[in-house]
Amino acid sequence: MNFRKIPAIVIAIMVASTNLSAAEADYNVVPMPLSVTVDAAQQPFVLGSDTRVVTTKALDREGDFLREYISALPKAGAKGVISLDTKLKSDNPEAYTITLTPGKITVSGASAAGVFYGLQTLRKSLPANLDEPVEMPAAVVSDAPRFAYRGAHLDVVRHFFDADQVKTFIDMLALHNINKFHWHLTDDQGWRIEIKKYPRLTEVGSKRKGTLIGRYGAGETIDSIPVEGYFTQDQIRDIITYASDRHIEIIPEIDLPSHMMAALASYPELGCTGGPYEVLTTWAGYKDVLCPGKDKTMTFIADVLTEVMELFPSKYIHIGGDECPKDRWKECTDCQARIKQLGITPTDKASAEDLLQGYVTAFAADVARKAGKSIIGWDEILECDVPQDAVVMSWRGIKGAVNGTARGHRVIQTPNDYLYFDYYQSDNAAAEPLAIGGYIPVRRVYSFEPLTEEMSDEQKSLVMGPQANLWTEYVPTFSHLQYMELPRLAALAEVQWTAPDKKDYHSFKCRTPRLFAIYDRNGYNYATHIKDTDVSFRPDRQKHALVMKASVYPGHQLRYTLDGTVPDVASPLYSEPLLLDKDCVVTAASFAPDGTRGTVVSDTLRISKASFAECTLAYKPYSPFAFGGADALVDGLCGDDNFRSGRWVGFLGDPCDVTITLPEPTEISQVGFKTCIVWPEGALEMSRAEVYGSADGKDFTLLATVDNPEQDPAQKNGAYAHTITFDPFKAKAVRVVVKPCAPAGIWSRIIFVDDIAVK
Ligand code: ACM
Ligand code: ZN
């Protein structure tokens with residue numbers, strides 16, 4: 001049906017009974033294409049399940065995918081055709097152009113992969129309901145990805161997912177234009193790939209007796225439910241073909257020399273002590289790793305890597321290299337003999353045993369090179385000299401990428417503070433399934449910029465692309481896996497594919513309903529926090545007020561109150577940023593189209609002499625807990641027990657050292673702030689606070705200090721208020737320094753601080 005030809009009055013009647021826009025395609029999909037130009041003057045193409053798809057032989061498979069994508073539509077009875085070709089001239093092999101005219105849709109790729117991504121865009125452009133033929137507005141869509149490496153990692157060790165589930169995972173990646181699947185196949189808790197030369201790896205190593213109950217560190221109880229499973233080489237070949245049909249390359253990971261307890265349980269002679277060893281039932285705490293002092297271990301490494309490389313066509317093999325304790329190597333006569341034989345001498349930065357890992361990495365790189373391939377390793381490989389062709393996968397933040405590129409390595413960005421999908425995705429952890437910790441909501445994934453400001457242009461050119469990782473210690477089922485991935489994978493897709501000037505979080509959010517409709521049609525389980533109440537606050541210095549801004553999901557409404565009452569459907573409707581310049585309790589909630597209220601978000605604004613003032617930090621906040629940064633310390637809003645709320649600002653190692661410039665010289669005699677204790681995250685009480693005043697904004701005088709030298713081990717998680725009073729001082733600026741406690745045995749020294757109230 002073509003609405004454009006019908007008189008307006010008739011349209012008005014029809015709109016009342018049907019949803020005009022619902023039957024129209026929208027090419028602004030996820031990830032957002034480079035350019036979409038709609039020609040409203042032309043008639044649309046009408047798409048139905050009977051639309052003819054014309055391809056060359058080489059694009060038969062793409063044609064079949066397209067037929068499958070449109071098969072749920074009713075017949076259109078129309079004559080138009082969709083033609084697929086690879087005639088597009090572009091430097092980017094994954095580029096495509098879709099030209100839509102009333103009679104024909106042409107998807108032209110620079111390669112079959114380009115055509116495939118064009119089809120993903122067509123598929124995602126369809127309305128949520130496929131119960132009538134779809135009008136495809138005349139348009140030209142031109143698109144190409146920003147990064148050639150667009151990865152997703154899956155750990156099938158900690159929990160096992162079978163071949164059909166892995167294929168569904170691959171389908172999920174294809175839908176998001178992801179082209180690399182990093183498959184984590186071996187670890188302490190299981191060996192999941194058949195190796196013909198070492199059959200015990202799967203006979204013994206693929207099975208564990210049980211699994212830790214609850215969170216690691218909170219108890220030692222192991223259930224008695226066996227976990228086992230592995231992929232035969234035939235299954236793997238089948239999965240490789242399945243992925244390759246969807247233009248996805250699989251990069252296998254054999255994690256070595258650590259994370260090898262399953263291999264050691266199978267072949268104890270490969271360890272320093274000779275065992276006995278067991279496939280681990282818990283998530284860490286081991287000291288046993290491969291023994292590089294023994295020749296048979298090095299032969300094992302070469303044999304396994306060679307067999308894996310013969311199986312996988314990828315030009316990369318991931319050799320792990322992360323988290324390798326050196327305790328056994330220090331005591332092992334074979335390892336010490338190897339150190340001597342290699343003439344390894346310790347340096348200021350690295351012990352001989354640290355450098356021995358460099359020998360293992362170089363050995364693996366050599367094996368790969370002989371097979372015409374390159375290794376990828378976690379960023380620990382940079383702790384030694386590492387062959388130039390090794391690719392560094394930066395996971396402990398971005399520093400592996402910054403340091404790796406500075407040393408001329410190609411890198412993949414997979415920082416654990418943005419792209420670890422095993423972290424919590426909601427600030428309400430109590431309402432979520434148990435996760436490993438942290439807080440990475442969709443918005444934070446979306447905000448990641450892989451080419452970081454710390455890099456020169458030359459370094460940036462060595463960034464292959466970003467990747468998200470899903471470790472499955474706390475992900476026991478495939479449905480849970482989907483919940484952890486979706487829709488964070490959608491935000492990742494835009495980080496990987498979309499040009500930076502096309503990126504906008506609110507726009508992204510508004511483009512997700514059609515994607516979610518595909519999730520629904522495919523039966524994918526996904527998180528829906530993105531639809532929930534989403535408000536943010538920022539001080540406006542000029543107006544001396546706090547601005548509340550909301551990002552409202554399509555079809556939803558945001559309502560608010562300023563008196564502490566819970567909003568209902570009659571409360572004021574948010575339509576534009578709200579200026580708050582008086583003490584109040586601001587409470588907001590989103591309402592779904594059916595009137596269901598989302599999470600009620602409430603904040604108390606208490607304006608002090610420091611509120612909305614200019615505020616600078618001497619030390620950068622710790623990236624995962626930076627939230628609103630300096631502004632959050634003077635926004636007049638106070639954090640509560642929830643360290644993920646966005647009110648708190650966390651500092652790792654460094655103190656919170658903040659200087660607030662007051663709008664005009666003002667008499668002050670009190671400073672208040674809160675700290676937040678979160679034992680599992682390593683966030684503890686302050687050890688000392690100092691308050692300085694300055695009459696001119698330059699020279700500062702110490703006004704008061706408070707000491708709390710010891711962390712009280714009984715202090716519970718939660719927010720604690722601190723008030724410091726001193727003799728009145730006329731200040732232009734006030735500096736507050738809050739230092740963290742550092743009790744023995746706690747690795748981190750995080751201090752969470754919130755709102756600095758000056759009176
Ligand atoms: C890692 O997360 N251990 C690479
Ligand atoms: Zn050894």
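Numbers here simply count residues along the sequence, with the first being 1. Only heavy atoms go into these numbers, but all of them, side chains included; no hydrogens, no water, no symmetry mates.
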Practice item. Report the C-alpha distance between D581 and H544 in whole Å, list the side-chain angles of each, state the deciding distance to 0.1 Å, and finish with yes or no for side-chain contact (heavy atoms from CB on, under 4.5 Å). Key: CA-CA 7 Å; D581 58 3; H544 196 71; over 6 Å; no
Point to revise | Worked check of side-chain contact (heavy atoms from CB on, under 4.5 Å) between M136 and I98 | key: CA-CA 11 Å; M136 311 291 291; I98 311 173; over 6 Å; no
Practice item. May I have the step-by-step check of side-chain contact (heavy atoms from CB on, under 4.5 Å) for W497 and I178, ending in yes or no? Key: CA-CA 9 Å; W497 182 282; I178 291 171; over 6 Å; no
Check your understanding: After noting the C-alpha distance and the side-chain angles of T599 and H529, does the key distance pass the side-chain contact (heavy atoms from CB on, under 4.5 Å) rule?
Key -> CA-CA 9 Å; T599 302; H529 309 96; over 6 Å; no
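Taking CG from L546 and CZ from F537, the interatomic distance works out to 6.0 Å, rounded to the nearest 0.5 Å. A distance of 12.5 Å separates OG1 in T512 from NZ in K124, rounded to the nearest 0.5 Å. Atom OH in Y505 sits 10.0 Å away from atom SG in C510 (nearest 0.5 Å). Between C584 atom SG and L605 atom CG the span is 5.0 Å, to the nearest 0.5 Å. One finds the CD atom of E132 at 10.0 Å from the CG atom of L130 (value rounded to the nearest 0.5 Å). To the nearest 0.5 Å, the span separating CZ on R514 from CZ on R123 amounts to 15.0 Å.
Checking each of I660, I756, V658, T659 against V734 for a side-chain contact (heavy atoms from CB on, under 4.5 Å) leaves exactly one that passes, namely I660. Each of D635, L578, L579 was evaluated against V547; a single residue qualifies, L579, per the side-chain contact (heavy atoms from CB on, under 4.5 Å) test.
Under the 3.5 Å distance criterion, with hydrogens and angles disregarded, no donor-acceptor pair is assigned to the side chains of S426 and N428. Side chains of E485 and H176: a donor-acceptor N/O pair is absent below 3.5 angstrom, by distance only. One side chain, N28 or D26, offers a donor N or O that lies under 3.5 Å from an acceptor on the other. D171 and T168 share no donor-acceptor pair across their side chains, judged by distance under 3.5 Å alone.
Between V566 and T561, every side-chain heavy-atom pair lies at or beyond the 4.5 Å cut-off. Between T472 and L154 there is a side-chain heavy-atom pair separated by less than 4.5 Å. Looking at V649 and C656, their side chains never come closer than 4.5 Å, going by heavy atoms from C-beta outward. Two residues are said to be in side-chain contact when any heavy atoms from C-beta on lie closer than 4.5 Å; N717 and P680 meet this criterion. Contact check for P145 versus Y117: no side-chain heavy atoms found under the 4.5 Å cut-off. The shortest side-chain heavy-atom distance between F508 and I530 falls under the 4.5 Å cut-off. Considering only heavy atoms from C-beta on, K503 comes within 4.5 Å of V495 through its side chain. Q482 is not listed as a side-chain neighbour of N522, based on a closest heavy-atom distance of 4.5 Å or more.
Using modelled atom types, one side-chain atom of Y27 and one backbone atom of P137 make a donor-acceptor pair closer than 3.5 Å. For the pair R644 (side chain) and A429 (backbone), a donor-acceptor distance under 3.5 Å is absent. Not a single donor-acceptor pair under 3.5 Å links the side chain of N129 to the backbone N or O of D131. With hydrogens and angles ignored, the 3.5 Å screen pairs no side-chain donor or acceptor of Q425 with any backbone N or O of E432. Looking only at distances, no side-chain donor or acceptor of R559 sits under 3.5 Å from a matching main-chain atom of P567. The closest donor-acceptor contact from the side chain of N469 to the backbone of Y420 lies at 3.5 Å or more, if one exists at all. Remark: the backbone N or O of V671 is not paired with any side-chain donor or acceptor of K759 at under 3.5 angstrom. Between the side chain of T725 and the backbone N or O of Q670 there is no donor-acceptor pair closer than 3.5 Å. In terms of modelled atom types and a separation under 3.5 Å, the side chain of R541 and the main chain of F612 share a donor-acceptor contact. Side-chain N or O atoms of D427 include none that pairs as donor or acceptor with a backbone N or O of N642 at under 3.5 Å.
Residues D641 and K674 are not paired through a salt bridge, judged by the lack of any N-O separation under 4.0 Å between the basic side chain and the carboxylate. At a threshold of 4.0 Å, the pair R521-E68 does not count as salt-bridged, since none of the basic side-chain nitrogens sits closer than that to a carboxylate oxygen. Salt-bridge formation is not detected for the pair D640/R647: no Lys NZ or Arg NE/NH1/NH2 atom is positioned less than 4.0 Å from an Asp or Glu carboxylate oxygen.
Taking a 6.0 Å sphere around CD of Q165, one finds it holds more than 12 heavy atoms contributed by other residues, nucleotides or ligands. Within a 6.0 Å sphere centred on CD of E453, other residues, nucleotides and ligands contribute 12 heavy atoms or fewer.
Taking each heavy atom of G639 and A719 in turn, the nearest pair found is O-CB, 4.3 Å. Between S608 and A757, the shortest heavy-atom contact is OG-CA, 3.5 Å. Listed here is the closest heavy atom pair of A632 and G646: CB-O, 4.2 Å. The minimum heavy-atom distance linking T675 with I751 is given by the pair CG2-CD1, 4.1 Å. Contact between G598 and A589 at its shortest, heavy atoms only, is O-CB, 4.3 Å. Shortest non-hydrogen contact noted between P554 and P513 is CG-CG, 4.0 Å.
By the ring-ring contact (aromatic ring centres under 6.0 Å, His included) test, F625 pairs with Y622, F643, F752, sequence neighbours left out.
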Distance-only check: which donor-acceptor pairs under 3.5 Å involve side-chain atoms of residues 435-448, not counting sequence neighbours?
unit_1 : atom_1 : unit_2 : atom_2 : d
R443   : NH2    : D534   : OD1    : 3.0
R443   : NH2    : D534   : OD2    : 3.0
R444   : NE     : D417   : O      : 2.6
R444   : NH2    : D417   : O      : 3.2
R444   : NH2    : S623   : O      : 2.9
R444   : NH2    : S623   : OG     : 2.9
Y446   : OH     : E494   : OE2    : 2.8
Y446   : OH     : D504   : N      : 2.9
Y446   : OH     : D504   : O      : 3.3
S447   : OG     : R444   : O      : 2.7

